[in-house]
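Residue indices begin at 1 and follow the sequence shown.
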Amino acid sequence: MTDRRPLLFTLAGIVATLVYFGAGEFISGAFSATSAPLLILGQTIIPLVPTAMIKTAISIFGTNDKLALVITLVIVGAILGGVIGRIGLHRRALSFVLLIGLGILPVVLLLSTGGSFLDAVPALLGVGLGCAVYVGLIRFAGRAEQLSGGPVDNDVKLDADAHSGTDLHPGTDRRAFFGLAAGLSVVGIAAIAAGQSAAILARNAAGAVTKLVLPRPATSAPKIPAGADLNIEGLAPIITPNDDFYRIDTTLIPPSVDAASWSLRIHGMVDEEVTITMDELLELPLEEHRVSLTCVSNEVGGDLVGNATWLGYPVRELLKRAKPQDGADMVLSTSDDGFTASTPLETLTDDRASLLAVGMNGEPLPRDHGFPARLVVPGLYGFVSATKWVTELEVTRFADKEAYWTTRGWSTHGPVLVASRVDVPRAGAQVNPNKDGQIVTAGMAWAQHVGIAEVRVRIDSGDWHTAELSEELNSDTWRQWRCAFDDLESGSHTVTVRAVDADGNVQISERRPAIPGSATGLHDRDFTVA
């Protein structure tokens, strides 16, 4: 008879690992989100992941990249658990040591980074439950094989003998084993999902209870003109709602920063070190500006770009207090979670609306977007400028310091390139002409701090047509465009868009990847005329 013990022991290891993760994630809800084993592993892995893999993950999963990392960790953990379970078939003691080692790895990582023993409790309890499940299942597996006529497992021989004379049909216990393993797996996966959901709810709740009461701006953003939004169905709104604004950062759980104890320190190559608290910041004459932000990882035609109304204080005024010294050319900003960004000093001291922002679209910053304070710098990609949860500004030189992403192969300065995308029609859509017999195409274009001057659109390989542009809010924001085509034949077509900025720079048509300084190429979409 076929020996199915290798399969059963492998399954036992997989199930034990799922139970371990599930218990750790679920129990962490009673402690803190940062004590969850998956979070600890994820935060350790993120800085070690090669840049190319990060870029691929963002291009595939977008703002769901962190969820993808958690799922990947669960899958990899389950595979390792299965290997350990299989080892236990012949080397039981070694399998226990490996399983416990796998379980306490997050504990070691947590304690090595300054975590408390209390935060290690969820992982330790998870290890205990996982090992208990493993012991139970491998004993059950051995007994199931014996009662089904398989090889004798000495560790469970007495258990099998105890069933002698019972009216068991061959395979009965084996089916019971599979049923129990499936049930425990479902419980483990459900506990992981519940733990992740609880962490999200806790994060949102924390963001709600820590909101500031913002003062009225001393300088308000101009009223949005009626012509700024073309009101075309399927076209992105001119102002991106907070809940829809893209989030790309290097942390699985955004830091929970207390606004009352927050402060910003400006130091380095300065004549006078400056520290400002939140109370002091809110007493300053805050300004409101509309600025679009773009992620350098945005693919051609991607949605890692958004436009918001920001409330904050000009960074140039804070730097003026500190008096940067001659020779300084960079400001290294540091986040509460340790992330750093290198911003050219000139972009923080010229007349652009570079802000230490505390508000977003009329509300205090959401926790996901940097509560209580972040940087907003027009004209630069976020990886060199848009530091969230910012706590330090070090005036220094590019020759002396490197930031998080520049050590991973990205460029140092990160100026935004002119770009555009097609929003309408949707990819693969079947489109009917409107009442005027026209096929309407529409989308967005941006060239922050320079401004969009023209957008050109073509169908298939035809001539370029000049699109209608929405009214510009300012040179730091994106613009909508619209272009209608008459008498398009029924069948498949491709619409392509190309933008030109106010300095006359035409969008680069050559396709190239985002590393080191942004993806380029023209966005197109296929659609069908009915």
Could you list the residues that satisfy salt bridge (charged side-chain N to carboxylate O under 4.0 Å, His left out) with Asp524, not counting sequence neighbours? none
Going by the salt bridge (charged side-chain N to carboxylate O under 4.0 Å, His left out) test, which pairs reach into residues 182-192, not counting sequence neighbours? none
Those residues that, when tested against Trp310, pass ring-ring contact (aromatic ring centres under 6.0 Å, His included) (two or more places apart): Phe245
Ignoring hydrogens, what is the shortest heavy-atom contact between Ala120 and Val107? Give both atom names and the distance. CB-CG1, 3.8 Å
List in chain and number order the residues that pass side-chain contact (heavy atoms from CB on, under 4.5 Å) with Val274, two or more places apart in sequence or in another chain; answer none if no residue qualifies. Ile266, Arg321, Ala322
Under the salt bridge (charged side-chain N to carboxylate O under 4.0 Å, His left out) rule, collect the residues that match up with Arg91, sequence neighbours excluded. none
Considering only heavy atoms from C-beta outward, does the side chain of Val187 approach that of Val19 to under 4.5 Å? no
Applying salt bridge (charged side-chain N to carboxylate O under 4.0 Å, His left out), name anything that partners Glu392, two or more places apart in sequence or on another chain. none
If we only count heavy atoms from C-beta on, is the Val358 to Leu281 side-chain gap below 4.5 Å? yes
Does Thr334 form a side chain to side chain donor-acceptor pair (under 3.5 Å) with Glu394? I'd like the steps, not just the answer. CA-CA 8 Å; Thr334 302; Glu394 181 184 0; over 6 Å; no
Heavy atoms of Leu380 and Pro344 approach each other most closely as CD1-CD, 3.9 Å
Closest heavy-atom pair, Ile104 versus Val127, reported as atoms and distance to 0.1 Å, is N-CG2, 3.9 Å
pair Ile79-Thr17: side-chain heavy atoms closer than 4.5 Å: no
Hey, is the main chain of Met360 close enough, under 3.5 Å, to the side chain of Asn242 for a donor-acceptor pair? yes
For the atom pair CG (Leu98) and CD1 (Ile84), what is the distance rounded to the nearest 0.5 Å? 5.0 Å
How close do Glu402 and Thr407 get, counting heavy atoms only, and between which atoms? CB-CG2, 3.6 Å
Listed by chain and number, what are the side-chain contact (heavy atoms from CB on, under 4.5 Å) partners of Leu80, not counting sequence neighbours? Val76, Leu102
Any side-chain heavy atom of Val416 within less than 4.5 Å of one from Ser292? no
Is any side-chain heavy atom of Cys295 closer than 4.5 Å to a side-chain heavy atom of Tyr246? yes
For Thr520 and Pro513, indicate whether the former's side chain and the latter's backbone hold a donor-acceptor pair under 3.5 Å. no
Show me the pairs that pass side-chain hydrogen bond (donor to acceptor under 3.5 Å, both in side chains) and involve residues 93-110, at least two apart or across chains. Ser95-Tyr134
What verdict does the side-chain contact (heavy atoms from CB on, under 4.5 Å) test give for Asp368 and Lys388, after you've listed the backbone C-alpha separation in whole Å, the side-chain angles of each residue and the deciding distance to 0.1 Å? CA-CA 9 Å; Asp368 280 357; Lys388 297 184 282 189; 5.9 Å; no
Here the gap from Leu129 atom CG to Tyr20 atom OH, rounded to the nearest 0.5 Å, amounts to 11.5 Å
What are the two closest non-hydrogen atoms of Ser185 and Val15, and how far apart are they? OG-CG2, 3.2 Å
Would you indicate whether the side-chain heavy atoms of Ile100 and Cys131 approach each other to under 4.5 Å? yes
Kindly compute the distance separating CG (Leu365) from CG (Leu214), expressed to the nearest 0.5 Å. 8.0 Å
Answer yes or no: is there a side-chain heavy-atom contact under 4.5 Å between Phe9 and Leu137? no
Using modelled atom types and a 3.5 Å cut-off, is there a donor and acceptor pairing between side-chain atoms of Glu280 and backbone atoms of Thr277? yes
With sequence neighbours left out, write down each residue that passes ring-ring contact (aromatic ring centres under 6.0 Å, His included) with His413, or none if nothing qualifies. Phe398
Would you compute the distance between atom OH of Tyr313 and atom CG of Leu356 and round it to the nearest 0.5 angstrom? 10.5 Å
What I'd like to find out is whether the side chain of Leu184 reaches to under 4.5 Å of the side chain of Leu18, using heavy atoms alone. no
Under the 3.5 angstrom rule, does the side chain of Thr240 hit a backbone N or O of Asn307 as a donor-acceptor pair? yes
Donor-acceptor contact present, side-chain Asn361 to main-chain Thr309, <3.5 Å: yes
Distance-only, no hydrogens or angles: does the Ser28 side chain make a donor-acceptor pair with backbone N or O of Pro122 under 3.5 Å? no
Under the 3.5 angstrom rule, does the side chain of Arg421 hit a backbone N or O of Gly302 as a donor-acceptor pair? yes
Does Val384 offer a backbone N or O that forms a donor-acceptor pair with the side chain of Thr343 under 3.5 Å? yes
Would you please test Arg265 and Thr275 for side-chain contact (heavy atoms from CB on, under 4.5 Å) and show each step? CA-CA 4 Å; Arg265 177 185 174 221; Thr275 299; 4.1 Å; yes
Expected output: side-chain Trp262 to main-chain Val390 donor-acceptor under 3.5 Å: yes
Atom pair CG/CG of Asp337 and Asp249 - distance to nearest 0.5 Å: 7.0 Å
When rounded to the nearest 0.5 Å, the distance separating OG1 of Thr396 from CG of Asp329 is 8.0 Å
Considering only residues two or more places apart or on different chains, which pairs with a residue in residues 13-23 satisfy salt bridge (charged side-chain N to carboxylate O under 4.0 Å, His left out)? none
Trp389 side chain to Arg367 main-chain N or O, any donor-acceptor pair under 3.5 Å? yes
When every non-hydrogen atom of Leu89 is compared with those of Pro6, the smallest separation belongs to CD2-CG, 3.7 Å
side-chain contact (heavy atoms from CB on, under 4.5 Å) between Leu393 and Leu375: does it pass, once the steps are laid out? CA-CA 10 Å; Leu393 299 181; Leu375 293 181; 3.9 Å; yes
If the condition is salt bridge (charged side-chain N to carboxylate O under 4.0 Å, His left out), which residues does Asp400 pass it with, not counting sequence neighbours? Arg397
Checking Arg408 against Tyr404: charged group under 6.0 Å from the ring centre and within 45 degrees of the axis? yes
Could you check Leu345 against Leu319 for side-chain contact (heavy atoms from CB on, under 4.5 Å), going step by step and ending with a plain yes or no? CA-CA 9 Å; Leu345 178 62; Leu319 290 172; 4.0 Å; yes
Listed once per pair and sorted, the side-chain hydrogen bond (donor to acceptor under 3.5 Å, both in side chains) pairs that draw on residues 370-385, sequence neighbours left out: Tyr381-Ser518
